[in-house]
There are 2 protein chains.
Amino acid sequence: MPTQPKRRNTPQRQIILEKLCGTQSHPTASELYDIVKIQLPRISLGTVYRNLEVLANNGQIAKLDLAGGEARFDGTVSPHCHIRCTDCGIVRDLPAMNPREPDLTIGQTNGFLVSGFRMEYTGICANCQ
Amino acid sequence: MPTQPKRRNTPQRQIILEKLCGTQSHPTASELYDIVKIQLPRISLGTVYRNLEVLANNGQIAKLDLAGGEARFDGTVSPHCHIRCTDCGIVRDLPAMNPREPDLTIGQTNGFLVSGFRMEYTGICANCQ
DNA sequence: ATGGCTGCAAACAGTTTGCATGCCC
DNA sequence: GGGCATGCAAACTGTTTGCAGCCAT
């Protein structure tokens with residue numbers, strides 16, 4: 001198997017991780033770009049995307065590939081459900097909700113090897129009501 | 001409230017609906033475009049998108065806004081779960097699975113007005129294993 | 001000096017939209 | 001003729017990639 005490359009802990013990567021873990025919101029890549037740019041004005045959007053991918057592969061952050069186009073990112077890795085506003089798109093945690101365990105046998109009828117499952121609530125957030 | 005426009009039943013719209021309902025797969029817009037093009041060689045991709053939107057708003061088809069980029073469309077409207085191959089992206093029905101009823105109170109802590117929820121299994125399909 | 005990383009810009013994919021024209025009621 | 005629909009092409013959005021140069025090991 002291919003050994004993974006030795007990663008460096010660049011300021012860009014550090015600050016991206018720090019800002020993502022320091023927020024309750026689940027920012028998109030470009031929202032995060034705007035936040036990080038305050039401290040690193042010369043950072044590029046491409047770097048944000050590249051680092052988010054590295055961090056997600058590392059298991060340090062979670063990529064939320066929910067409905068509605070843009071991917072969002074979550075500094076909290078432990079599994080929990082989300083609720084998404086169908087109007088403005090913001091995503092919040094549902095901490096009280098513990099997701100049902102995936103039923104790994106469910107894919108057998110289709111020949112699938114089940115690896116996971118996702119649950120997502122949708123609704124209208126307080127702001128948009 | 002705005003009255004909705006009087007829709008016409010054009011051949012394009014008819015055949016898109018017919019082809020979508022006649023398949024078990026959950027085609028993307030451009031996959032459907034390729035299928036419909038056999039019978040209507042001059043149809044445009046934009047028309048496919050526009051009609052899929054009209055049909056979805058009509059409740060005649062369902063738009064599956066799952067993870068993984070491309071939207072997919074489903075001629076079966078009754079609620080059921082899906083399993084998606086993380087490798088090739090194909091989507092299959094999970095007919096045995098009846099989705100848990102959405103818990104409408106779940107959003108109260110966040111001030112959300114819950115309108116629905118989605119469940120999606122992921123795995124590797126038989127072909128990609 | 002090797003190889004990961006950066007900023008920048010261009011490329012890319014999926015989707016939407018503007019426009020001139022066509023066709024049905 | 002009012003208005004929905006079409007084909008075409010251009011625009012737009014989110015994301016990825018190629019490249020030259022930089023910096024840590």
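We name chains A, B, ... by the order of the sequence lines, and we start the count at 1 in each one. Everything numeric in this text was worked out from a predicted model, so none of it was measured.
- For A:Arg7 against C:dG4, no side-chain N or O and base N or O form a donor-acceptor pair under 3.5 Å.
- At a cut-off of 3.5 angstrom, the base of C:dG18 holds at least one donor-acceptor pair with the side chain of B:Arg50.
- Backbone-only contact: B:Ile43 has heavy atoms under 4.0 Å from sugar-phosphate atoms and none from a base.
- Contact check for B:Leu20 versus B:Pro27: side-chain heavy atoms found under the 4.5 Å cut-off.
- We find that CD of B:Gln12 is positioned 14 Å from C1' of C:dT21, with the value rounded to whole Å.
- Relative to the side chain of A:Pro5, the nucleotides C:dT6, C:dG4, D:dA5 differ in distance, and C:dG4 lies closest.
- A straight line from CD1 of A:Ile15 to P of C:dT6 spans 11 Å, rounded to a whole angstrom.
- Candidate nucleotides D:dT15, D:dG7, C:dG7 were compared by shortest atom distance to the side chain of A:Ser44, and C:dG7 ranks first.
- Phosphate proximity of D:dT6 to B:Thr10: present, with a side-chain N or O under 4.0 Å from OP1 or OP2.
- For C:dC5, neither phosphate oxygen OP1 nor OP2 lies less than 4.0 angstrom from any side-chain nitrogen or oxygen of A:Thr47.
- For the pair A:Asn9 CG and C:dT6 C1', the interatomic distance rounds to 15 Å; values are reported in whole Å.
- For the pair B:Thr28 and B:Phe73, the tightest heavy-atom approach, listed with the atom from each and the gap, is C-CD1, 4.5 Å.
- The interatomic distance linking A:Glu70 (CD) with D:dC12 (C1') rounds to 13 Å, in whole Å.
- Note on ring orientation: taking the six-membered ring where Trp is involved, the planes of B:His26 and B:His82 are perpendicular (angle over 60°, cut-offs 30° and 60°).
- Residue B:Arg8 contributes atom CZ, which lies 10 Å from atom C1' of C:dG22 at whole-angstrom precision.
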Check step by step if side chain to side chain contact (heavy atoms under 4.5 Å, CB included) holds for B:Gln12 and B:Leu40.
CA-CA 8 Å; B:Gln12 288 87 339; B:Leu40 298 173; 3.9 Å; yes
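- Position along DNA chain D of the nearest nucleotide to A:Thr28 versus B:Val54 favours B:Val54 as the more 5'-ward residue.
- Spacing between atom OH of B:Tyr49 and atom C1' of D:dA9 amounts to 15 Å, rounded to whole angstrom units.
- We find that OH of A:Tyr33 is positioned 15 Å from P of D:dT13, with the value rounded to whole Å.
- With B:Asn110 contributing its side chain and A:Leu94 its backbone, the two residues share no donor-acceptor pair below 3.5 Å.
- Distance A:Leu52 CG to D:dT16 C1': 13 Å, rounded to the nearest Å.
- A donor N or O paired with an acceptor N or O is not found under 3.5 Å between the base of C:dG4 and the side-chain atoms of A:Arg13.
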